[in-house]
Protein chains: 2
Amino acid sequence: MHKKTHVKKRAKSPQELRGRIWIDGKEGTFLGYGRIVLLEMVREHGSITKAAKSMGMSYRHAWELVDSMNSQARRPLVESSTGGKGGGGARLSEDGKKAVKLFWKFYADFQNFLKHEKKALTLLK
Amino acid sequence: MHKKTHVKKRAKSPQELRGRIWIDGKEGTFLGYGRIVLLEMVREHGSITKAAKSMGMSYRHAWELVDSMNSQARRPLVESSTGGKGGGGARLSEDGKKAVKLFWKFYADFQNFLKHEKKALTLLK
DNA sequence: AAGCGTAGTATACTGAAGGGAATAACGGAA
DNA sequence: TTCCGTTATTCCCTTCAGTATACTACGCTT
């Protein structure tokens, strides 16, 4: 056995440790990087429509993300209204602001963790 | 603005911090959880076919993962042969064994990190 | 020489994620 | 009353990851 080993082209190994963190809820993902950025864009622009555009994301997708977050939080993270001045809009609730802060705290800790782990990455020398 | 807030059904917040880590290479993912388990199954069963079956994975997908790992490593992690006793087979190279060990080290560190971070997760009280 | 189970490869199918577009409801402003 | 921009919702389409299937090449064993 193992007489003929199949060898193919290989790279020069610029390997890098990567990772993601998120917070799960009952319906799957509750908060993740993209969702948090979306919350920030909602706060900044005052509407889901503009937040979506600023991220190059379809309104449909943005609305689904907001709906998913609101339905998994104890209280809505985004409060929205239709009609009225400017046609309506959306804004971050106090819980929404807290969620953003909390996630960035975890995120910073995680980036720090990755940084320290990379020092040990002398893979397959 | 914000006269009528749209409220929907919401869950009871059994939120949990989750995450993934992996090692990137030139072609994207080099080593991740599933790939490492696949390497272990190859070592245990001596063939890509059986390894794939043991994971409920198609042979094609398993072969592509092995090919991706081999082509991004300096030296192949899996050595395979066709024909002969049993029709051929596959086995883990020394580098393959090292890759498995190294990943589990990172993985354990990461699980430990998550465990400690969870203590701070008193989300949206 | 024939059989066997594997590696390796190509093609078609499937399902889920997400984009695009269309539409109704809404409620201030003009 | 009409206009306007947004939320909320629906339907269709594309893309992509992975499955299913079928086939050839291989080389030891009998």
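Proteins get letters first, then strands, A, B, ... in listed order; numbering begins at 1 in each. On a predicted model such as this, the values are computed, not experimentally measured, just so you know. These values consider heavy atoms only, across backbone and side chains, with no hydrogens, waters or symmetry-generated copies.
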Task: is_close_aromatic(A:Y33, A:W104), centroid dist under 6.0 Å - done: yes
What nucleic acid atoms does B:T49 come within less than 4.0 Å of, heavy atoms only: base, sugar-phosphate, or nothing? sugar-phosphate
Nearest-Å distance for atom pair [atom1]/[atom2], residues [X] and [N]:
X	N	atom1	atom2	answer
A:Y59	C:dG18	OH	P	17 Å
B:I48	C:dA7	CD1	P	5 Å
A:K85	D:dT7	NZ	P	15 Å
A:M55	C:dG18	CE	P	12 Å
A:E79	C:dC26	CD	P	20 Å
B:E64	D:dA20	CD	P	14 Å
A:K53	D:dG5	NZ	P	10 Å
A:W63	C:dA21	CH2	P	20 Å

For B:N70 and B:L77, the nearest pair of non-hydrogen atoms, with its separation, is OD1-N, 2.7 Å
Rounded to 10°, the helix from C:dA1-D:dT30 to C:dA30-D:dT1 deviates from straight, judged by its five-pair end axes, by 10°
- request: Answer yes or no: is there an ion pair linking B:K98 with B:E94, defined by an N-O contact shorter than 4.0 Å?
  value: no
request  = Inspect the contact between B:R18 and B:E16 and indicate whether a charged nitrogen and a carboxylate oxygen are less than 4.0 angstrom apart.
outcome  = yes
Q: Examine B:L31 and B:M57 and state if one hydrophobic cluster contains both, with Ile, Leu, Val, Met, Phe, Trp and Tyr joined whenever side-chain heavy atoms are less than 4.5 Å apart.
A: yes
DNA chain C nearest-nucleotide lookup for A:G84 and A:G56: closer to the 5′ end is A:G56
Across all chains, not counting sequence neighbours, the ring-ring contact (aromatic ring centres under 6.0 Å, His included) partners of A:F103 are none
The side chain of [X] is closest to which nucleotide in this list: [options]?
X	options	value
B:R60	D:dG18, C:dT6, C:dA21	D:dG18
B:S80	C:dT6, C:dG8, D:dT19	C:dG8
A:T82	C:dC26, C:dG19, D:dT19	C:dC26

_Under 3.5 Å side-chain donor-acceptor pair for B:E27 and B:S68_ = no
